[in-house]
Amino acid sequence: MCGRFSLKNSRDEVEAALGALIPDDFPPRYNIAPTQPILIVMPSETVRPVGSNRPDRAGHLVRWGFVPSWVKDPNARAPIFNIRSETAAEKNSFKAALSHRRVLVPASGFYEWRRNGSNRAQPYWIRPRHGGVIAFGALMETWSGADGSQIDTAGILTTGANEALSLIHHRMPVVVVPEDYARWMDCKHYLPREVADIMQPAPDDLFEAIPVSDLVNKVSNTSPDVQLPVSADLTATATRPKKAGKKTGADDDSGNGQLSMF
DNA sequence: CCAGACGTTGTT
DNA sequence: GTCTGG
DNA sequence: CCAGACGTTGTT
DNA sequence: GTCTGG
């Protein structure tokens, strides 16, 4: 799913990674939650002078929680912070944005909560093994109020978890690789079906998952401490809930609890 | 034709 | 706004 | 995503 | 349980 993430790289790193001009005020953020402002990157709206060296992409802050343009009262609805990539093309709410407003959301990594039976959810900090900035595929929309006010919003696309992350959760954000940035955001030349291949689970070896304390659960905890590893890990918690109602034996994760990819 | 929905997650 | 259901 | 609230009256 | 807030 991706209902919480972090962007702690410097402004310069993000500009270099995305090839975009990023706004000045740019503190590291360790615990970004739905409804908060998030950075999106999209093609610049202004025409560049010929021969300009300036990036032709720009970052903007928008509200995390996609609001379809036809909604009357954006605050009366639960924010749509994730959008299923498998069905986005068929949904009224997302069709236009998938055709015309495909954007990227720069991130340093994201969080997933692993639930195990009745046990408490264990949060994991999931980051690229070799660091750097990643980019989630996202859709942007501008909501217009009756009074002429406007709110820019975005939702992060999701797909099935890759094999490595499926031990933690069954969904994951769409991660766009740098070679696909231009095609993803070029809505003038590429139709949704021509970018469908981008909305796939990331390779198994891209991420590492680090169990962290539940400090991250609380949105008001915004210090780097939310990413401190804890000893509790998949091995310790990957046991079947004791009083399982049925005994399938096939599709659970009990095994030996071992996680080769971590 | 008009009315009504329009989303994701996880859990049962 | 646009689609589905009746 | 998780955390936290979830209510009214009257009085100051 | 269900909704709102971040």
Would the number of heavy atoms belonging to other residues, nucleotides or ligands and lying under 6.0 Å from OH of A:Y190 be above 12?
-> no
Inter-nucleotide C1' distance (B:dG7, E:dC3), Å rounded | 16 Å
Taking only Lys NZ, Arg NE, NH1 and NH2, and the carboxylate oxygens of Asp or Glu, determine whether A:E90 and A:R84 approach each other closer than 4.0 Å.
-> no
Reading DNA chain C 5' to 3', how would its secondary structure be written in dot-bracket notation, given Watson-Crick and G-U pairs with both distances under 3.5 Å, brackets [ ] for crossing pairs and | for partners on other strands?
-> ||||||
Answer yes or no for this row: A:Y111 ring on D:dC1 base, centroids under 5.5 Å, planes under 30°.
-> no
Rounded to whole angstroms, how far apart are CD on A:Q122 and P on D:dC2?
-> 12 Å
In whole angstrom, give the distance that lies between atom CD1 of A:I126 and atom C1' of D:dC1.
-> 12 Å
Closest non-hydrogen atoms of A:N221 and A:V226, given as atom of the first, atom of the second and distance, are O-CG1, 3.5 Å
Would you mind reading off the distance between A:F110 atom CZ and B:dT9 atom P, rounded to a whole angstrom?
-> 13 Å
Looking only at atom P, what distance separates D:dC2 and B:dT9, rounded to whole Å?
-> 13 Å
pair A:N116-A:Q122: side-chain heavy atoms closer than 4.5 Å = no
Short side-chain donor-acceptor distance under 3.5 Å, A:W113 and A:N217 = yes
With the side chain of A:K218 defined as its heavy atoms from C-beta on, choose the nearest nucleotide among B:dT8, D:dA3, B:dC6.
-> D:dA3
Any side-chain N or O of A:T158 less than 4.0 Å from the OP1 or OP2 oxygen of B:dT8?
-> no
Classify the angle between the aromatic ring planes of A:Y111 and A:W125 as parallel (below 30°), tilted (30 to 60°) or perpendicular (above 60°).
-> tilted
For A:L139 and B:dG7, give me the distance from atom CG to atom P, rounded to whole Å.
-> 13 Å
Interatomic distance where CE belongs to A:M172 and P belongs to D:dC1 [whole Å] = 16 Å
Contact list for residues 57-70 of chain A, test side chain to side chain donor-acceptor pair (under 3.5 Å), sequence neighbours left out | none
May I ask you to say what A:F66 touches in the nucleic acid, namely base, sugar-phosphate or nothing, with a heavy-atom cut-off under 4.0 Å?
-> nothing
Distance between the C1' atoms of D:dT8 and B:dA5, in whole angstroms?
-> 35 Å
Whole-Å distance separating the NZ atom of A:K72 from the C1' atom of B:dA5 | 12 Å
A:L157 has an atom CG; how far is it from atom C1' of B:dG7, in whole Å?
-> 13 Å
Would you indicate which nucleotide in C:dG1, B:dT9, D:dC2 comes nearest to any side-chain atom of A:N82?
-> B:dT9
N-O pairing of A:D24 and A:R11 below 4.0 Å = yes
N/O-N/O pairs, protein side and nucleotides 2-6 of chain E side, under 3.5 Å:
from  : atom 1 : to    : atom 2 : distance (Å)
E:dG6 : N9     : A:T35 : OG1    : 3.4
E:dG6 : N7     : A:P34 : O      : 3.3
E:dG6 : N7     : A:T35 : OG1    : 2.7

Chi angles and distances behind the ring pair (Phe, Tyr, Trp, His ring centres under 6.0 Å) call for A:Y30, A:F5 = CA-CA 7 Å; A:Y30 299 90; A:F5 68 100; over 10 Å; no
Rounded distance in Å between the P positions of D:dA3 and B:dC6 | 29 Å
In plain terms, say whether A:D180 and A:R183 are close enough for a salt bridge, that is, a side-chain N and a carboxylate O under 4.0 Å apart.
-> yes
Integer-rounded Å distance: D:dC2 P and A:W64 CH2 = 12 Å
